[in-house]
Amino acid sequence: PGVTKTDSQKFESWWNYHRNVHHKLKGRKAATVDASDNTQGIMTVLEAEDISLSMNSMTDIKDTITKSLQQVGLTILSSSSFETKVLTIALKEGYVMIRCWSEHKYIAFDLVLWSSLDKLDIAKSALVDAVGAKSISSYNIVLGGMRGVEKVEIAKYPTTMDSNTPTCSSDDTTTETAFAINDNYDVLLREMDTLLQSNNPVTIVFCPEKDKPCHSLESLKYDETSKTEKVFPVWSCASGDSMEVEGACEKTTLDAMKSALASGKINRIIIDPETPRKMGHVLREVLEKGRVQKQVLAEHYVVLAPAFDSDETWRSALCEWLRTDAKTTYPVYHAEVLFSTSKSPGKLGMSIFSAGDIDFFSHLAEAIEQYTTLPGLVVEIPSIQGGKHEYMEDVDPSHAASESSYDKTPAESQWASQNSLGMQTVTQFEIKIPPAPLRVGDKVLAQYFDHPLVGRWSPGTVRSLEKDGSFDVEYVSGIVQYLERDSIRKWDIARDISASEIVLVRHGEDSDDRYVGKVLEKLPNNEYKVHVHNGQGLVITAKLEDMMKRFEEPGDKIPQPGISCTILKEMLQTAIVSEVYDTTLQDEKLNVEIHDGAGDGCVVTALWSQGNAIAIWDGGHHIDLNVFTMEEDDEMHEEFGKTFLEMASSFEIVMVNEQPRGTGRVVNFKNEMKSVA
């Protein structure tokens, strides 16, 4: 209530980011990827209701849908259909599956693209317009792609960018620094003014040595003679390894920050891209003193730390320290923003810390909205993290809400309107990568405490190998535990670890146990700053010898898939005959076809009166299986996937999505509706 459509659109990207778990599994980048290695695609699950298109003729439906797809620039390869119920259209860029229910004035679409992903949203809109749907709902699933296709544009997450938005070209010769500073750096910095809580802010700019240019200072139109704006530079006194007396540099920095107090407390700190890393360390040392923070920093302040070099991770680590450890005003946020343009493959990263701004998300969204008006500028937000909530002692709430305080009528009405018409399962398979072999007597780390976020790994020794491929591991304490291979990490010594890698790190001098952690920064002398996932959110400094990479190198080469389009068709036919074709369907003809021409792999479709199935092989190491049946039988769907895989023993299931399809913005299966009722 009270949020307009325009307001809600500002937060669409935040909602999609936090809802989409697949971005953690698939490292997508906004770039043109090598056609020979494209294994990324997106499926839009689209429900079109209250449609005006006549469903009496499948030929008319096919002509209408085909024309709409061609108008948005997609290439039709072939099609197959079953009566007036199901239609499949194979595209060079993907495929479209259409299931029709004329009695419900409803069409279920599966729109899958593995190239021309910039056309995903306009293709969806074209399908909606083609059938004249008055009500729609949709969501996306990350799938495999197709190797060997032509130039592929892959977005980090689906956007509503215009299809004509320019993309990076290999012919461009503009350098990364020239793009950021000369073209857009001033604007990028200025638009972040929306994060400030003051109309006349006091700004401290950390610059390189005084004999070098400070682009951030120039962007703020700093004039040393007039000082019309409250902008104060802090020149570097800690360049490279030349700082002999660190304490003197800290004092110089603190004095420079205190000199700004005549104009008011500091509202903004900008760390220029050319500022050396050690000045970040100096700033932290200064701010670690709680009294200094209270003395020089305003209650609401921001830190902006742009960088041209992706290896400059210390800026992000500084903002993370402010978020987690510094005594700052609640609420606090740490955001990472990436800027790029069509002129260069390079990116400008900006680490942002905000303290005391309860409307941080709307302020950041306002800045991003301004950036979208700049031609060719692409903005990505890889992460946003908040700080701990401030403890409020002896709270006396003005009002205690109960269940009756909320109007549940719209939700209950929507719940009752759901009508599930069938079950869809999308299963993804990939080649099994064999782990390194283990032998009796090998030293290992074993996952003693199994938890999705907090994992404690303890040293042990392999005592026996069981017939089923599992192992008996004896810990140092003498306890023996029966474990699967994926709960065991072969012991080795890490030779080098990079920032952002997931590691197993030893924490505590008296313990050999290790915890899952993420490297935040690589420090001198083979030391690393690591965020430990032990339930306490600790950030520690660890030595290289106290860490291992979380995932060990595979033991053997990746096996050949042993798949062809003909074998894929046989796999699909076998699964259907075994799991679907009971006595009621024995007399019905099964329509199975191979659709190729899109790349190195192929699409195989199977259509029948009570459902359909599509298998996609990418020509390499990935298979997608999309199965729909009008009967909601999760056991049958599970067995379907297992039977399908019997002829491809080198593959394994890596992801499964199950969802109902139907009307009323359906999100629940029939059995779920009955159980709640």
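It should be emphasised that the depicted structure is a prediction, and the values quoted were computed from it without experimental measurement.
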Exercise for review: Taking atom types as modelled, find out whether Glu366 and Thr194 have a side-chain donor-acceptor pair closer than 3.5 angstrom.
Suggested key: no
Point to revise | For Leu322 against Val303, the heavy-atom pair lying closest together | key: CD1-CG2, 3.9 Å
Exercise for review: Might you confirm whether atom CG of Asp211 has over 12 heavy atoms from other residues, nucleotides or ligands at distances under 6.0 Å?
Suggested key: yes
**Study point:** Rounded distance [0.5 Å steps], CG in Leu283 versus OG1 in Thr253
**Key:** 8.0 Å
Check your understanding: Can you tell me how far CG of Leu127 sits from OG of Ser138, rounded to the nearest 0.5 angstrom?
Key -> 11.0 Å
Check your understanding: Phe360 pairs by side chain to side chain contact (heavy atoms under 4.5 Å, CB included) with which of Leu195, Val332, Val302?
Key -> Leu195
Review point. Which heavy atom of Arg147 sits nearest a heavy atom of Gly619, and at what distance?
Key: CD-C, 4.1 Å
Revision key, fill the gap. Salt bridge (Lys or Arg N to Asp or Glu O under 4.0 Å) filter on Glu320, not counting sequence neighbours, yields Arg323
Exercise for review: May I ask you to check whether over 12 heavy atoms, not counting those of Lys518, lie within 6.0 Å of atom NZ?
Suggested key: no
Exercise for review: Decide yes or no for Ile352 and Glu336: does some side-chain heavy atom of the first lie under 4.5 Å from some side-chain heavy atom of the second?
Suggested key: no
Point to revise | Any Leu504 side-chain heavy atom under 4.5 Å of Tyr515 side chain | key: no
**Study point:** Sequence-distant partners of Arg315, side chain to side chain donor-acceptor pair (under 3.5 Å), two or more places apart
**Key:** Glu312
**Study point:** Note, Met279 side chain near Cys237 side chain (heavy atom, < 4.5 Å)
**Key:** yes
Exercise for review: Over 60° means perpendicular and under 30° means parallel, so classify the ring planes of Phe353 and Tyr301, tilted if in between.
Suggested key: tilted
Check your understanding: Who pairs with Asp193 by side chain to side chain donor-acceptor pair (under 3.5 Å), at least two apart in sequence or on another chain?
Key -> Arg268
Review point. Checking Arg489 side chain against Lys549 main chain: does a donor-acceptor pair fall under 3.5 Å?
Key: yes
Revision key, fill the gap. Residue set satisfying side-chain contact (heavy atoms from CB on, under 4.5 Å) with Phe551, at least two apart, ordered chain then number -> none
Review point. Taking everything shown except Ile358 itself, do over 12 heavy atoms lie less than 6.0 Å from its CD1?
Key: no
Revision key, fill the gap. So CD1 of Ile616 and CG of Asn626: to nearest 0.5 Å the spacing works out to 6.5 Å
Exercise for review: List the steps, then state whether side chain to side chain contact (heavy atoms under 4.5 Å, CB included) holds for Trp114 with Gln40.
Suggested key: CA-CA 6 Å; Trp114 49 66; Gln40 303 178 86; over 6 Å; no
Review point. Stepwise, does the side chain to side chain contact (heavy atoms under 4.5 Å, CB included) test hold for Val187 with Glu191?
Key: CA-CA 6 Å; Val187 178; Glu191 291 300 341; 4.0 Å; yes
Check your understanding: Would Leu318 and His281 count as a side chain to side chain contact (heavy atoms under 4.5 Å, CB included) if you check the C-alpha gap in whole Å, the side-chain angles of each, and the deciding distance to 0.1 Å?
Key -> CA-CA 8 Å; Leu318 176 63; His281 177 71; over 6 Å; no
Point to revise | Asp546: partners by side-chain contact (heavy atoms from CB on, under 4.5 Å), with sequence neighbours left out | key: Arg506, Lys543
Point to revise | Test item: His622 side-chain N/O and Asp618 main-chain N/O as donor-acceptor pair under 3.5 Å | key: no
Exercise for review: Ignoring hydrogens and angles, tell me if any N or O in the side chain of Asp624 forms a donor-acceptor pair with the backbone of Gly144 under 3.5 Å.
Suggested key: yes
Review point. Asp496: what forms a salt bridge (Lys or Arg N to Asp or Glu O under 4.0 Å) with it, not counting sequence neighbours?
Key: Lys522
Exercise for review: Tell me, please, which residues at least two apart from Val128 pass side-chain contact (heavy atoms from CB on, under 4.5 Å).
Suggested key: Leu46, Ala133, Ile136
Check your understanding: After noting the C-alpha distance and the side-chain angles of Val96 and Asp110, does the key distance pass the side chain to side chain contact (heavy atoms under 4.5 Å, CB included) rule?
Key -> CA-CA 6 Å; Val96 180; Asp110 296 341; over 6 Å; no
**Study point:** Reported NE2-to-CG distance for the pair His533 and Leu538, which is rounded to 0.5 angstrom
**Key:** 11.0 Å
Revision key, fill the gap. Between Phe339 and Met192 the two heavy atoms that sit nearest each other are CZ-CE, 4.1 Å
Check your understanding: Among all residues two or more places apart in sequence or in another chain, which pass the salt bridge (Lys or Arg N to Asp or Glu O under 4.0 Å) test with Arg550?
Key -> none
Check your understanding: Which pair of non-hydrogen atoms, one from Cys249 and one from Val282, has the smallest distance, and what is that distance?
Key -> SG-CG2, 4.0 Å
Practice item. Kindly indicate whether the side chain of Pro306, heavy atoms from C-beta on, has any atom under 4.5 Å from the side chain of Leu188. Key: no
Practice item. Examine distances only and state if a side-chain atom of Ser351 and a backbone atom of Cys319 form a donor-acceptor pair shorter than 3.5 Å. Key: no
Review point. Tell me, do Leu338 and Pro382 make a side-chain contact under 4.5 Å, heavy atoms counted?
Key: yes
Point to revise | Residues Thr203 and Lys230: side-chain donor-acceptor under 3.5 angstrom | key: no
Revision key, fill the gap. Glu521 meets the side-chain contact (heavy atoms from CB on, under 4.5 Å) criterion, sequence neighbours left out, with Arg277, Thr313, Trp314, Ala317, Leu523, Lys529
Exercise for review: Output all residues satisfying side chain to side chain donor-acceptor pair (under 3.5 Å) with Lys289, sequence neighbours left out; order by chain, then residue number.
Suggested key: none
**Study point:** Student check: side-chain heavy atoms of Ile502 and Val516 closer than 4.5 Å
**Key:** yes
**Study point:** Closest approach of Ala256 to Val234 (non-hydrogen atoms, all atoms of both residues)
**Key:** CB-CG2, 3.9 Å
Review point. How long is the span from the CG atom in Leu377 to the OH atom in Tyr371, to the nearest 0.5 Å?
Key: 8.5 Å
Exercise for review: Over all heavy atoms of both residues, which pair between Ile384 and Ala335 is shortest? Give the atoms and the distance, please.
Suggested key: CG1-CB, 4.0 Å
Review point. Side chains of Gln428 and Ile623: closer than 4.5 Å at any heavy-atom pair?
Key: no
**Study point:** Beyond-backbone contact of Leu520 with Val539, side-chain heavy atoms, under 4.5 angstrom
**Key:** yes
Revision key, fill the gap. With sequence neighbours left out, the residues meeting side chain to side chain donor-acceptor pair (under 3.5 Å) with Ser498 are none
Revision key, fill the gap. Between the CG atom in Asn657 and the OG1 atom in Thr427, the distance rounded to the nearest 0.5 Å is 8.5 Å
Review point. Would Asp272 and His215 count as having a side-chain donor-acceptor pair, cut-off 3.5 Å?
Key: no
Point to revise | Residues in disulfide (SG to SG under 2.5 Å) contact with Cys214, at least two apart in sequence or another chain | key: Cys207
